[in-house]
Amino acid sequence: MATEAPDTPLDFIRQTVRDDLAAGRHREIVTRFPPEPNGYLHIGHAKSICLNFGVAAEYDGRCFLRFDDTNPVREDERYTASICEDVEWLGFEWGDRLTHASDYFDRLYEQAVALIRGGLAYVDHLPAEQIREYRGTLTEPGRNSPWRDRSVDENLDLFERMLSGEFAEGECVLRARIDMAAPNINLRDPTLYRIRHAAHHRTGERWCIYPMYDFAHTLSDAFEGITHSLCTLEFEDHRPLYEWFLDSLDLPHRPRQIEFSRLNLAYTVTSKRRLAELVNRGIVDGWDDPRMPTIAGMRRRGYPPVAIREFARRVGITKKENTIEMGVLEHAVRDSLNAVAHRRLVVVRPLRVVLTNYDAGTEEFVSLPNHPGDPEQGSREVRFGRELWIDADDFMEDPPRKFHRLKPGGEVRLRGAYIIRCDEVVHDADGVVVELRCSYDPDTRSGGSGSDRKVKGTIHWVHAPSAIPVELRLYDRLLRTASPVGGDAWLEDLNPDSLQVIAEARAEPAVLDFQPGEGMQFERVGYFTRERENGADGRAVFNRTVTLRDSWAKIEAAELG
RNA sequence: UGGGGUGUAGCCAAGUGGUAAGGCAACGGGUUUUGAUCCCGUGUACCGCAGGUUCGAAUCCUGCCACCCCAGCCA
């Protein structure tokens with residue numbers, strides 16, 4: 001497992017872990033990542049995965065991957081495979097520590113019985129609506145349920161009958177007997193077990209009562225010997241209940257819960273509920289749509305796992321609400337890709353160029369390095385001839401100042417080949433530029449004797465007869481606002497241009513050298529990766545991972561006012 | 001108006017009583033056959049506000065303000 005950039009100050013959780021170890025409070029650090037199998041993992045989970053698995057790895061401990069599957073009606077086996085795949089792809093290993101809360105259903109039941117025996121839990125026959133009313137409000141205390149003082153024997157009997165299926169869903173629940181006047185609402189006799197006559201994806205029909213999160217999660221932590229149970233801020237209020245279970249039961253270990261703030265990313269959504277909505281409404285392709293901030297989406301988009309790990313490291317761990325700018329993620333992605341991605345030439349919007357002084361009967365090969373900064377990565381031979389495509393953006397008939405690309409009468413270097421001059425602009429009947437007639441300077445071939453001649457610009461190109469048609473999918477932010485509003489209104493802030501399909505791009509054939517997931521840079525355009533499925537008429541499809549930094553865009557905006 | 005949290009530059013984030021790290025962004029400049037990369041440089045951060053303690057406070061105390069979370073038989 002890679003451990004990146006060591007010289008970061010320790011966050012407050014790692015400081016605690018380090019101190020606990022130094023004080024001899026634990027022999028070994030044990031953490032856990034506890035996803036509910038009801039959706040795909042996203043960038044926020046990635047932060048938690050990097051924290052939990054990262055801390056375990058850094059302190060020679062262990063981390064469990066535990067599915068929190070206590071609610072059969074919400075969860076589905078089909079999500080577990082993707083979750084495993086995502087964690088693994090991110091670069092982490094759980095070894096033999098793949099568990100499920102449902103693995104502990106028997107032990108959980110025993111502990112519930114223990115609570116009843118201790119007079120600390122009771123079966124409540126109040127309907128759900130009444131329970132809510134009896135709970136009180138944020139500012140007023142709750143009231144005791146009329147069933148709160150049943151005898152231990154009666155509760156034992158009733159709980160067993162709940163288990164045996166004697167009651168209908170909603171007829172009764174098992175509740176902890178704590179304090180209905182507690183200022184912390186989580187302590188007002190929280191529900192421990194509810195009845196669900198539903199098959200569980202792992203335990204089948206064996207159970208019809210299922211434990212609630214607080215009970216199952218705390219005890220699972222204790223069973224597994226978790227030393228540091230790291231969760232997000234919204235569970236801070238639950239910590240007293242977590243402690244109550246640990247105090248009330250005879251358990252093999254005493255884990256400690258520590259909360260940190262969840263990750264928010266600007267211009268996207270990072271809640272499972274909202275991501276599911278995008279999928280269900282058909283706004284995106286699926287959970288792994290490259291626009292989605294899901295791990296699967298980022299993988300398909302071409303983000304390397306190391307970039308995500310580095311991103312998680314850079315944003316840090318604190319208890320402060322935060323919204324991270326996309327630039328941080330994008331920078332991490334570019335940074336990791338820049339070093340390793342091979343370069344290729346691809347023209348996005350093809351404009352025909354004819355080199356009028358180049359012999360129509362011949363062609364040649366020019367050598368282009370796979371990586372300009374690293375000769376070790378080799379080079380490739382690229383076909384060159386009289387007819388080429390260049391990007392329409394690289395020509396302007398009436399350009400602003402500082403435009404270093406091609407213009408009438410102007411010169412530009414073709415990357416890795418020759419300097420050309422634009423002699424004539426051909427228009428169609430509507431006045432649209434359809435072809436450039438240029439002449440090349442034979443002395444200026446890259447690597448040749450006259451190649452040191454300087455021109456202001458260098459542009460990319462492809463050899464027209466041998467170029468292959470490819471489809472490009474250009475992705476942009478999902479939202480047009482940085483922080484989506486609450487409720488359903490955020491759907492109105494969706495960016496209508498989050499996907500732009502370029503059906504008729506032209507590429508040098510060597511773009512086919514790479515597998516989906518491997519990153520390459522289309523020079524001057526951006527980083528791309530191959531899409532698994534081909535597009536129309538079988539042509540290769542490439543997803544844009546991220547653009548290159550574009551300082552021209554700013555200059556252009558300034559020049560054009 | 002109950003309880004639990006959080007406030008350090010545009011966004012993150014170190015700092016744990018001795019005089020405010022770092023990253024991203026932004027803005028200059030250099031190198032460059034990618035307007036990329038790379039390299040240099042640029043920020044007076046009223047440390048939420050107001051008092052107090054101290055020789056000395058982002059760090060300690062008091063009071064206030066702002067924002068976030070909690071009333072599932074969800075996790």
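Protein chains get the first letters and strands the later ones, always in sequence-line order, with residue 1 at the start of each. Owing to the predicted nature of the structure, the values given are computational and were not obtained by experimental measurement.
- With hydrogens and angles ignored, a donor-acceptor pair under 3.5 angstrom links the side chain of Ser446(A) to the base of rU33(B).
- One atom, CD of Glu310(A), and another, C1' of rC12(B), lie 14 Å apart when rounded to the nearest Å.
- Note: His125(A) and Phe167(A) have perpendicular aromatic rings, judged against thresholds of 30 and 60 degrees for the angle between ring planes.
- Within the nucleic acid shown, Phe215(A) has no heavy atom closer than 4.0 Å to any nucleic acid atom.
- Rounding to whole angstrom units, CG of residue Asp393(A) and P of rU34(B) are separated by 18 Å.
- Residue Lys454(A) places at least one side-chain N or O closer than 4.0 Å to OP1 or OP2 of rU33(B).
- Looking at heavy-atom distances under 4.0 Å, Pro372(A) makes contact with a base.
- Nucleotide rA36(B) holds its P atom 17 Å from the CZ atom of Phe528(A), rounded to whole Å.
- Which of rC24(B), rU34(B), rU8(B) sits closest to the side chain of Lys320(A) comes down to rU8(B).
- Under 4.0 Å is where a charged nitrogen must lie from a carboxylate oxygen, and between Arg453(A) and Asp443(A) no such pair does.
- Within the cation-pi definition used here (under 6.0 Å to the ring centroid, within 45° of the axis), Arg143(A) qualifies as a partner of Tyr134(A).
- In this model, the phosphate group of rG4(B) is not approached by any side-chain N or O of Lys319(A) to a distance below 4.0 Å at OP1 or OP2.
- With both ends at atom C1', the span from rC60(B) to rC47(B) equals 16 Å, rounded to whole Å.
- No engagement by Arg188(A) is indicated, since no non-hydrogen atom pair under 4.0 Å with the nucleic acid exists.
- Taking atom C1' on both nucleotides, rG4(B) is separated from rA71(B) by 14 Å, rounded to a whole Å.
- Between the NE2 atom of His371(A) and the C1' atom of rU37(B) there is a distance of 7 Å, rounded to whole Å.
- Salt-bridge annotation for Arg239(A) and Glu243(A): absent, with no side-chain N of the basic residue lying under 4.0 Å from a carboxylate O of the acidic one.
- Base orientation of rG72(B): syn, the glycosidic angle falling within 90° of 0.
- For Arg549(A) against rU37(B), a side-chain-to-base donor-acceptor contact under 3.5 Å is absent.
- Among the protein residues, Ser261(A) comes within range of no part of the nucleic acid, since none of its heavy atoms lies under 4.0 Å from any strand.
- Atom CG in Asp374(A) sits about 16 Å away from atom P in rU34(B), given to the nearest Å.
- Taking only side-chain atoms of Lys402(A), from C-beta outward, the nucleotide of rA25(B), rU34(B), rG35(B) with the closest atom is rG35(B).
- Of the listed residues (Leu406(A), Asp441(A), Val455(A)), just one forms a side chain to side chain contact (heavy atoms under 4.5 Å, CB included) with Ile420(A), and that residue is Leu406(A).
- The interatomic distance linking His404(A) (NE2) with rA36(B) (P) rounds to 11 Å, in whole Å.
- Taking the centre of each ring, Phe159(A) and Tyr193(A) come in below the 6.0 Å mark.
- Atom CZ in Arg313(A) sits 12.0 Å away from atom CZ in Arg309(A) (nearest 0.5 Å).
- Using a 4.0 Å cut-off between charged nitrogen and carboxylate oxygen, Asp20(A) and Arg256(A) count as a salt-bridge pair.
- Atom C1' of rA20(B) sits at a distance of 13 Å from the matching atom of rA57(B), rounded to the whole Å.
- Taking the six-membered ring where the residue is Trp, the centroids of Tyr440(A) and Tyr418(A) are separated by under 6.0 Å.
- Counting non-hydrogen atoms under 4.0 angstrom, Gly447(A) reaches a base of the nucleic acid.
- Separation of the His460(A) and Phe522(A) ring centroids does not fall under the 6.0 Å cut-off.
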Nucleotide-level pairing of RNA chain B, given in dot-bracket where Watson-Crick and G-U pairs need both distances under 3.5 Å and | marks other strands: .(((((((.[[[..)..(...]]].(((((.......))))).....[[[[[..)....]]]]])))))).....
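- OP1 and OP2 of rA13(B) both lie 4.0 Å or more from every side-chain N or O belonging to Arg314(A).
- Each of Arg415(A) and Arg239(A) was assigned the nucleotide of RNA chain B with the nearest heavy atom; the assignment lying further toward the 5' end belongs to Arg239(A).
- If you check every strand for non-hydrogen atoms under 4.0 Å, Gly373(A) touches nothing.
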Once base and sugar-phosphate atoms are separated, protein heavy atoms under 4.0 Å mark nucleotides 64-75 of chain B, 5' to 3', with B, S and - as ----SBBBSBBB
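- Aromatic ring centres of Phe235(A) and Tyr242(A): separated by at least 6.0 Å.
- Smallest separation of non-hydrogen atoms from Tyr104(A) and Arg66(A): CE1-CD, 4.2 Å.
- Across the P atoms, rG10(B) and rG43(B) are found 15 Å apart, a figure rounded to whole Å.
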For Asp393(A) and Arg524(A), what are the C-alpha separation, side-chain angles and deciding distance, and is it a salt bridge (Lys or Arg N to Asp or Glu O under 4.0 Å)? CA-CA 11 Å; Asp393(A) 287 349; Arg524(A) 303 208 313 128; over 6 Å; no
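- Across the P atoms, rA36(B) and rG28(B) are found 13 Å apart, a figure rounded to whole Å.
- If you take NZ of Lys456(A) and C1' of rU34(B), they are 18 Å apart, rounded to a whole angstrom.
- A donor and an acceptor atom never sit less than 3.5 Å apart when one is taken from the side chain of Glu140(A) and the other from the base of rG2(B).
- The phosphate of rC24(B) has OP1 or OP2 within less than 4.0 Å of a side-chain N or O from His331(A).
- Taking atom C1' in both rG56(B) and rA66(B), the straight-line distance is 30 Å, to the nearest Å.
- Across the protein-nucleic acid pair, Leu51(A) atom CG and rA13(B) atom P stand 13 Å apart, rounded to whole Å.
- OP1 or OP2 of rG15(B) lies within a sub-4.0 Å distance of a side-chain N or O belonging to Gln15(A).
- Contact of Arg413(A) with rU33(B) (side chain to base): a donor-acceptor pair of N or O atoms is detected under 3.5 Å.
- For the P atom pair drawn from rA26(B) and rU16(B), the interatomic distance equals 32 Å after rounding to whole Å.
- Separating the C1' atom of rU8(B) from that of rC49(B) is a span of 15 Å, rounded to the nearest Å.
- For the pair Arg334(A) and rU37(B), the criterion of a side-chain N or O lying under 4.0 Å from OP1 or OP2 is not met.
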